Amino acid sequence: MATTADIDELPAFIEVGTGESSRRIAVRAREGHGPGLVWLGGFHSDMKGTKALALDAWAAEHGRACVRFDYSGHGESGGEFVDGTIGRWLEESLAVFTRFCRGPQVVIGSSMGGWLALLLAREIAKQSQGPTVAGLVLIAPAPDFTEELMWKGFSPAVRQEIETTGVWLRPSEYGDPYPITKTLIEEGRNHLLLGSAINVGCPVRILQGAQDPDVPWRHAFALAHRLPADDVVLTMIQDGDHRLSRPQDIARILAAVAEVG
């Protein structure tokens with residue numbers, strides 16, 4: 001298993017973007033054989049969460065490569081959270097993937113990371129060389145959440161605040177309120193997936209908690225409906241919440257990773 005030294009080791013940093021949009025992205029890349037693992041975390045989370053560390057420990061135990069990183073405005077990376085957009089975080093995900101990965105990879109995306117994993121797989125499938133996506137494991141995936149789970153569900157008062165001031169501080173069960181910006185909502189519309197078929201070119205495993213208050217289970221069904229039917233498995237965890245970080249949840253996630261790669 002991974003040791004404290006493994007976990008606390010200082011990250012590497014890469015610069016993504018140019019000029020005023022340049023930001024310093026923190027990455028932890030474990031050497032090992034393939035298929036490698038790539039972790040894409042959720043909105044307002046970082047690479048030291050329970051699931052990310054469990055994946056890294058599993059990779060260490062099995063001699064597998066594993067890449068974790070923090071989006072700009074998250075964790076140890078530079079930039080401000082308020083400046084974040086789906087396109088910005090996708091650019092960082094692509095930069096880390098192409099810089100640190102070799103050969104086939106299993107991409108594990110949690111919540112917003114599930115949306116980014118789908119977008120990443122679609123972009124990588126267009127490339128004729130470099131690392132490839134061998135499989136996706138999506139945990140409470142939240143594609144299109146800025147539109148479907150935020151904007152459409154906001155009250156008229158919240159929408160007006162976003163439209164007029166450019167930002168609304170959303171209360172969170174997990175800590176301090178965090179900003180939802182007009183730019184996040186509007187830029188997210190450039191990356192919506194649920195309106196048509198999603199071709200990712202690899203097996204997909206989806207794990208969804210039926211008691212998830214943040215990403216309703218119906219959202220996972222809508223996603224599964226848009227994916228090719230040949231190798232997509234949706235696992236509904238009846239007593240599962242959004243985080244899916246209990247030992248039994250971690251075991252299911254690791255089993256899904258082993259199954260696709």
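Position 1 is the first residue of the sequence, and the numbers go up from there. As the structure is a computational prediction, the values presented were derived from the model and not from experiment.
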Review point. Could Glu9 and Arg30 be called an ion pair, given the rule that one side-chain N must be under 4.0 Å from one carboxylate O?
Key: no

Check your understanding: Would you call Lys152-Glu147 a salt bridge at under 4.0 Å N-O?
Key -> no

Practice item. Kindly indicate, with the supporting measurements, whether the criterion side chain to side chain contact (heavy atoms under 4.5 Å, CB included) is fulfilled by Val27 and Glu76. Key: CA-CA 9 Å; Val27 185; Glu76 297 166 274; over 6 Å; no

Check your understanding: Do the ring planes of Tyr71 and Trp89 sit parallel (below 30°), tilted (30 to 60°) or perpendicular (above 60°)?
Key -> tilted

Point to revise | salt_bridge(Arg218, Asp212) N-O dist < 4.0 Å | key: no

Review point. Linking I/L/V/M/F/W/Y whenever any side-chain heavy atoms sit under 4.5 Å apart, do Val67 and Leu254 land together?
Key: no

Practice item. For this output row, return yes or no: ring centroids of Phe43 and Phe145 closer than 6.0 angstrom. Key: yes

Review point. Does Glu92 come within less than 4.0 Å of Arg23, counting only side-chain N to carboxylate O?
Key: yes

Check your understanding: Is there a donor-acceptor pair under 3.5 Å between the side chain of Ser77 and the backbone N or O of Ala26?
Key -> yes

Review point. Would one find more than 12 heavy atoms of other residues, nucleotides or ligands at under 6.0 Å from atom CG of Asp176?
Key: no

Point to revise | Audit row: Arg246, Asp239, salt bridge (charged side-chain N to carboxylate O under 4.0 Å, His left out) steps and yes/no | key: CA-CA 11 Å; Arg246 302 168 302 177; Asp239 63 345; 3.2 Å; yes

Exercise for review: State whether Glu123 and Lys126 are salt-bridged, where the test is any N-O pair (Lys NZ or Arg NE/NH1/NH2 against Asp/Glu carboxylate O) under 4.0 Å.
Suggested key: yes

Practice item. Please answer: with hydrophobic residues joined when any side-chain heavy atoms are less than 4.5 Å apart, are Leu149 and Ile185 in the same cluster? Key: yes

Review point. According to a 4.5 Å side-chain heavy-atom criterion applied to Ile, Leu, Val, Met, Phe, Trp and Tyr, with indirect links allowed, do Val106 and Phe97 form part of one hydrophobic cluster?
Key: no

